[in-house]
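Below is one structure, written out as structure tokens; the observations come after it.
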Amino acid sequence: MEHPENSEEYKGLTVNKGIEQPATVNPYLQFRKKARRRQFSVGEYVEGIVKGDVTVLSQAVTLVESVKPEHQAVAQEVIEKCLPYSGKSFRIGISGVPGAGKSTSIDVFGIHVLERYGGKLAVLAIDPSSERSKGSILGDKTRMEKLSVHPASFIRPSPTAGSLGGVARKTRETIILCEAAGFDKIFVETVGVGQSETAVHSMVDFFLLIQLAGTGDELQGIKRGIMEMADGIVINKADGSNVEKAKLAAAHFRNALHLFPAPESGWTPKVLTYSGFYGLGIQEIWDMVYEYYHFVQANGYFEHRRNEQAKYWMYETINEQLRDSFYNNRQIAEQLVREERQVLQGASTSFAAARRLLESYFNRQA
Ligand code: GDP
């Protein structure tokens, strides 16, 4: 019998003999296999980027995000060559918890800024938890309907999951490429749930924190460190019956900000309410952001912050590569297991174990 389901035992079920299905792969496609995308040379990448060719820029960013050493080698050279063309932009970090309205707001903010000031806008993202296969991805084009079809915008989702340091470094390198391609406004989006704000703060000129009016205890959920990073706090969804609550929340935030020491920039962070969805209060937000820009340009803090960030990223990169080199070393990995056991058994102190491990690492390098 061809189908066991047709036997007596399966009375309610019969399986009909099917017809033969065509091949799932179009046989003609095999002839097209060779037509793979040609890899650009470093020079071609740089030339395309500097000309503002978004296709070349996209491919270069893909290279930056690649984990393959041969891609990384090309990417680093491209970045190095793009560096002289970079830096001439205003970089803005935008953070908020999921549901705060980041995508809705960035769509509206982006269009507002482009219409008001012209130029070109790149929207990048840092989401250490994101994986391409898993739904919501920051900076996803589909979440920014108007901006994604605007000819002067470039939207790129977060590099895929990895260490936060790694994801952040890739985004920072992508900023350089975007700037070389003439993008003079850069938004870096991140979810407001912890360490990723610090990473974004370390690469932007202005840090905008999107908040929601809650039940009056909104200040409890937000970490002090994050508030201290903010150059502006904006309370979203100030529309309909929510307007008064939003105003109250803004007052709470203003009071809380008074308790912090004055920021190094000399700028007093402002708190505003708005509605991204209804487009209310958008102009006031960007008046504030650009007021800050002129303020820190005039007092030299803009330059100072950029220099500090450049220094930070140099040390971050050193730290990250040292760490990777250490933990990826096979002998060290084996020794680590033994030393860890010793420490757990009380046979060695943590410090002695660490010293032995570092010694064998450095002796191997020497
Ligand atoms: P994200 O997760 O931070 O990117 O937030 P979304 O932009 O996806 O917004 C989350 C939800 O809040 C969506 O259902 C939006 O329609 C809604 N939303 C966003 N902005 C506003 C606003 O200004 N007012 C109101 N009432 N709803 C909003």
Side-chain angles (χ1 to χ4, degrees), residues 92-114 121-150 153-161 167 171 186-201 204 206-216 218 221-223 226-227 229-230 232-250 253 270-289:
I92 296 147
I94 299 176
S95 178
V97 293
K102 289 182 296 302
S103 15
T104 314
S105 303
I106 290 175
D107 204 23
V108 175
F109 290 167
I111 296 290
H112 176 86
V113 166
L114 284 173
L121 167 69
V123 180
L124 311 175
I126 292 183
D127 181 2
S129 65
S130 97
E131 276 174 39
R132 291 257 151 91
S133 55
K134 276 193 203 154
S136 159
I137 300 163
L138 292 188
D140 191 357
K141 288 183 187 181
T142 54
R143 300 186 310 135
M144 295 157 198
E145 285 176 17
K146 291 194 205 79
L147 201 56
S148 61
V149 293
H150 196 290
S153 81
F154 176 73
I155 302 178
R156 187 83 190 187
S158 174
T160 37
V167 172
T171 303
I186 315 270
F187 288 177
V188 186
E189 179 187 9
T190 194
V191 255
V193 287
Q195 285 300 304
S196 50
E197 287 91 344
T198 317
V200 171
H201 185 254
V204 298
F206 187 98
F207 189 77
L208 187 70
L209 189 60
I210 299 181
Q211 290 289 309
L212 292 176
T215 47
E218 50 266 345
I222 151 168
K223 291 197 191 72
I226 294 173
M227 255 183 91
M229 275 190 265
I233 296 177
V234 287
I235 322 283
N236 191 16
K237 309 195 186 181
D239 44 55
S241 59
N242 213 17
V243 174
E244 286 311 312
K245 262 206 282 187
K247 281 190 186 152
L248 198 64
F253 277 111
K270 295 208 161 64
V271 185
L272 299 171
T273 63
Y274 78 109
S275 166
F277 191 81
Y278 294 99
L280 308 168
I282 310 297
Q283 178 162 349
E284 287 76 2
I285 293 178
W286 290 92
D287 285 347
M288 161 183 69
V289 175

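FYI, the numbering just counts along the sequence from 1. Both ligands and their constituent atoms are indexed starting at 1 by order of listing.
At a heavy-atom distance under 4.0 Å, only side-chain atoms of D239, from C-beta outward, approach ligand 1.
Note: an N/O pair closer than 3.5 Å links N236 and ligand 1 by distance alone. The N/O atoms of Y278, backbone and side chain alike, include none that comes under 3.5 Å of an N/O atom in ligand 1. Note: no N/O pair closer than 3.5 Å links Y274 and ligand 1 by distance alone. For the pair P98 and ligand 1, the shortest N or O to N or O distance does not fall below 3.5 Å. Taking distance alone, with nitrogen or oxygen atoms compared against 3.5 Å, K102 approaches ligand 1 more closely than that limit.
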Stepwise side chain to side chain contact (heavy atoms under 4.5 Å, CB included) check, F109 with I92
CA-CA 11 Å; F109 290 167; I92 296 147; over 6 Å; no
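Ring geometry, H112 versus W286: the interplanar angle falls from 30° to 60°, so the pair is classed tilted.
At a cut-off of 3.5 Å, with distance as the only test, a side-chain donor of S275 or D239 sits close to an acceptor on the other residue.
Each of the following atoms of ligand 1 lies closer than 4.0 Å to a heavy atom of A100: 3 (O). Close approach to S275 involves these atoms of ligand 1, each under 4.0 Å from a residue heavy atom: 22 (C), 23 (O), 24 (N). Set against the non-hydrogen atoms of T104, the atoms of ligand 1 under 4.0 Å away are 6 (P), 7 (O), 9 (O), 15 (C), 19 (C), 20 (N).
The closest heavy-atom contact to atom 5 (O) of ligand 1, among the options S241, G101, G276, comes from G101.
A distance of 8.0 Å separates CD in Q211 from CE in M227, rounded to the nearest 0.5 Å. In this structure, the separation between CD1 on I94 and CZ on F187 is 4.5 Å, given to the nearest 0.5 Å.
In this structure, V97 is part of the shell of residues with a heavy atom less than 4.0 angstrom from ligand 1. Under a 4.0 Å heavy-atom criterion, G96 is not in contact with ligand 1.
Side-chain contact check for M288 versus V234: some heavy-atom pair is nearer than 4.5 Å. Two residues are said to be in side-chain contact when any heavy atoms from C-beta on lie closer than 4.5 Å; V243 and T273 fail this criterion. Looking at heavy atoms from C-beta onward, T190 lies out of side-chain contact with K102 at the 4.5 angstrom threshold.
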